[in-house]
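Since we're looking at a predicted model, the values are computed, not measured. Protein chains get the first letters and strands the later ones, always in sequence-line order, with residue 1 at the start of each.
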Amino acid sequence: MRFSKLLVPTLRELPADAEVTSHKLMLRAGMIRKLAAGIYTWLPLGLRVLRKIERIVREEMDKSGAQEVLMSGVLPAELWRESGRWEQYGPELLRFKDRHEREFCLGPTHEEAITDLIRREIKSYKQLPANFYQIQTKFRDEIRPRFGIMRAREFLMKDAYSFHMNEASLKETYQVMYDTYSRILTRLGLKFRAVLADTGNIGGTASHEFHVLADTGEDRIAYSDAGGYAANIEMAEALAPASPRPAPGQPLGVVNTPDAQSIEEVSAFLGIRPEQMLKTLIVEGRDGGVAALILRGDHELNAVKAARLPQVASPLRMADADAVRAAVGCDIGSLGPARLPCPVIADRSAAVLADFVCGANENGKHLTGVNWGRDLPEPIVADIRNVVAGDPSPDGKGRLEIARGIEVGHIFQLGTKYSTAMKAHCLDEGGRAVDLIMGCYGIGVSRLVAAAIEQNNDERGIIWPDAIAPYAVALCPVNMHKSERLRRAAEEMYARLLAAGVEALFYDKQERAGVMFTDIELIGIPHRLVLSDRGLDAATCEYRGRRDAAARDIPLAGAVDFIRDKLAR
RNA sequence: CGGGGCAUGGCGCAGCCUGGUAGCGCACCUGCUUUGGGAGCAGGUUGUCGGGGGUUCGAAUCCCUCUGCCCCGACCA
């Protein structure tokens, strides 16, 4: 492609609303433009990357034995009423009516649509198992779309749904999808990790998320430095400390802490470590009252774990200041686990502390030398905190590390939720009707574009992995407009690259070298060939990989083979 | 949803408080010079000042209203 014929509106200045790296770079590189909140137009360069990812996803899905279909983005309300999700889904589901006042929604996911198809068309166990996928535009009316394409309202997703007569068959396909996703991300050239995930409100038994590793990722994942254990931090179990609770060694005391409320303030004020303190969180209870959650001062509450407790409302909601005052009689900065009029649930690490410091449930006072059993009743003990780096791995092998990731894939063993609700069944060998067992498997295709950038960039711009670069090589003649000889050489090189099947971007705009290099680096073309009169005199051209520290001269005649060799790796 | 903010040329912004008929940088166009890392000089194009209503001799500016967009908030103990 000739650069002069391609719409690549690179930007020196940034629209003010871009926050994360990938969003800024996609705007600056002229890949996308915003049409409305969370809704984007893909420009030629961005679309090429999107299509490359899509192609790899499609190839691997086909290889896995899945069949491609394409369902409508507009879905009738009646199907969603059947599954119960018309009522459940909330405002994220964009609903509207047609001219006949019939209700529809824009599909955020397609379990209902595919289940409707399957219940009509598949009658016998002989047709199963089967896995259907599509690569299609989804719409979720996010409360707060942000980070550009990373969390847009409209996005491109590959979603697949498998149907089975029994659990064993589901597990088999689930494993195939797990392997397929791993292959896809490997082919894309991305560093990733598959982690155990919460099944959330979709339900089902097993679930894995696939995360592209990037320091700017929104999710935190925990993985073992020794074994193969990896889980979303929401899921990772914090084991009970190995050593038992020490015996009480200090008397109970009360100290005045007039201006100290947070853990940091109190620990600094008293000259103790946060690990020797307990923090008390009052949350809404399941029965309409409240419940107290107790954590060691240096630990964070895990909302997912806490919401699973029978005493706690799900989803988790913190009690507000007024509710705390009404229930306990003090402000939230002085809360402690003693004499609480509600269930008290302590994290495993909090339950083994002795001689600890905590709020006195009286404003401006904290207790010291406190001990469970002696000074206050033994609490209910549960795992309610986030794991931290250095915690023992739940599988008993090694210690946990924490990394940041961007969730780009999620696979679920769904079970019979939709098939039961929508009466999707099949006859088995004995002629009995059996509810189909389902799995579902999603990959955020458009999000992968952003994730790839988050993982691969520097101060100059994007650094595309070869597999998804919009063009493999940039052909950059220096001052071509001044040298007919150079123009001929560049045109010839361009033709030879194309003939060799190399996706070349010919920088034929009349720009200064600096502008040219800056453009090419910003848009992240992984390989660059520079042609100049100086080089022609020596029968060389200059090669530089986007990550290379410096350029080097290579023989002009061998340049095409050189590039082909680079790309073959 | 709650709180805050913004809307002026393609992009980034100033002007608004204190009303007098719109300006800067980038981009874009022309010419000359320049030319291996976002050039210089000169000239030029681009505006329903988000929409509607009001106050006023006069509104980008003050008032009302509508719309769009952005930011913060779901871990504070």
Side-chain angles (χ1 to χ4, degrees), chain A residues 7 9-19 23 27-28 30 33-39 90-92 142-148 220 233-234 257 260-267 274 277-284 292-307 313 315-321 323-325 328 330-337 340 357-361 363 366 384-386 460-461 476-483 486 507 509-522 528 530-535 541-542 544 550-551 553:
Chain A
L7 180 64
T10 55
L11 257 36
R12 220 187 293 195
E13 286 177 296
L14 260 182
D17 53 8
E19 287 181 272
H23 188 197
L27 289 170
R28 285 227 291 139
R33 286 293 183 261
K34 185 169 76 175
L35 194 59
I39 299 179
E92 231 177 75
E142 295 266 358
I143 307 173
R144 200 179 151 198
R146 53 185 146 173
F147 308 145
R220 281 183 293 171
I233 200 155
E234 291 175 348
T257 48
Q261 300 206 325
S262 68
I263 291 289
E264 298 76 50
E265 289 165 357
V266 175
S267 61
M277 293 185 61
L278 291 188
K279 61 175 154 187
T280 302
L281 286 67
I282 303 295
V283 301
E284 293 184 19
L293 304 178
I294 315 298
L295 293 164
R296 217 170 72 184
D298 58 324
H299 285 152
E300 277 181 351
L301 179 67
N302 180 310
V304 173
K305 292 176 181 175
L316 186 85
R317 284 184 301 275
M318 303 301 291
D320 62 31
V324 169
R325 216 170 288 120
V328 186
C330 71
D331 291 329
I332 53 181
S334 302
L335 285 171
L340 286 174
V357 172
C358 62
N361 291 332
N363 283 348
H366 277 74
I384 54 172
R385 70 173 171 95
N386 282 335
R460 295 178 172 185
C476 300
V478 175
N479 292 326
M480 181 172 74
H481 61 282
K482 283 174 60 180
S483 165
L486 182 57
Y507 199 100
K509 279 209 313 191
Q510 184 175 327
E511 286 285 0
R512 302 162 64 85
V515 174
M516 173 171 67
F517 294 145
T518 314
D519 271 347
I520 291 301
E521 281 161 354
L522 175 61
R528 187 182 83 186
V530 178
L531 266 55
S532 64
D533 272 318
R534 199 174 64 202
C541 64
E542 181 188 287
R544 183 168 179 181
D553 289 333

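Between Val530(A) and Met277(A), the one whose closest nucleotide on RNA chain B sits nearer the 5' end is Val530(A).
Residue-level contact check: Arg385(A) touches neither bases nor backbone, having no heavy atom under 4.0 Å from any strand. At a threshold of 4.0 angstrom between heavy atoms, the contacts of Asp331(A) with the nucleic acid are absent. Base contact: Arg28(A) has a heavy atom under 4.0 Å from a base atom. Contacts of Asn386(A) with the nucleic acid, taken as non-hydrogen atoms under 4.0 Å apart, include base atoms. When heavy atoms are screened at a 4.0 angstrom cut-off, Ser262(A) is found touching the sugar-phosphate backbone but no base atom. Arg220(A) comes within contact range of no nucleotide atom at all, as no heavy-atom separation falls under 4.0 Å.
Gln510(A) CD: 12 or fewer foreign heavy atoms inside a 6.0 Å radius.
In this structure, Arg528(A) is positioned above the aromatic face of Phe517(A), its NZ or CZ under 6.0 Å from the six-membered ring centre and within 45° of the axis.
Remark: the backbone N or O of Lys305(A) is paired with a side-chain donor or acceptor of Asn302(A) at under 3.5 angstrom.
Judged by distance alone with a 3.5 Å cut-off, a donor-acceptor contact links the side chain of Arg528(A) to the base of rG37(B).
Applying the Watson-Crick and G-U wobble criteria (two distances, each under 3.5 Å), rC16(B) pairs with nothing in any strand. In this structure rU46(B) sits in no base pair that meets the Watson-Crick or G-U test at under 3.5 Å. In a base pair of the Watson-Crick type (N1 to N3 plus N6-O4 or O6-N4) or a G-U wobble (N1-O2 and O6-N3), with each distance short of 3.5 Å, rC62(B) is matched with rG54(B). The base-pairing partner of rC1(B), taking Watson-Crick or G-U wobble contacts with both distances under 3.5 Å, is rG73(B). Within the shown strands, nothing qualifies as a pairing partner of rG38(B) under the Watson-Crick or G-U definition with both distances less than 3.5 Å. Base pairing annotation: rC26(B) forms a Watson-Crick or G-U wobble pair with rG10(B), both donor-acceptor distances under 3.5 Å.
Counting to the nearest Å, the C1' atom of rC76(B) and the CD atom of Glu284(A) are 15 Å from each other. Distance Ile384(A) CD1 to rC75(B) P: 14 Å, rounded to the nearest Å. With rounding to whole Å, His23(A) atom NE2 is found 14 Å from rC11(B) atom P. Rounded to an integer number of Å, the gap from Phe517(A) CZ to rA39(B) P is 13 Å. Going from atom CG of Asn302(A) over to atom P of rA74(B) covers 16 Å, rounded to whole Å. Leu335(A) places its CG atom 14 Å from the C1' atom of rC75(B), with the value rounded to the nearest Å. In this structure, the CZ atom of Phe147(A) is 12 Å from the P atom of rC70(B), given to the nearest Å. Separating the CD atom of Glu300(A) from the C1' atom of rC76(B) is a distance of 13 Å, rounded to the nearest angstrom.
At the phosphate of rC69(B), neither OP1 nor OP2 sits under 4.0 Å from any side-chain N or O atom of Lys34(A).
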Would you mind building the protein contact string for nucleotides 26-35 of chain B? One character per nucleotide, 5' to 3', B for base within reach (heavy atoms under 4.0 Å), S for sugar-phosphate only, - for untouched.
-> SS------BB

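Here the CE atom belonging to Met277(A) is positioned 10.5 Å from the CG atom belonging to Asp298(A), to the nearest 0.5 angstrom.
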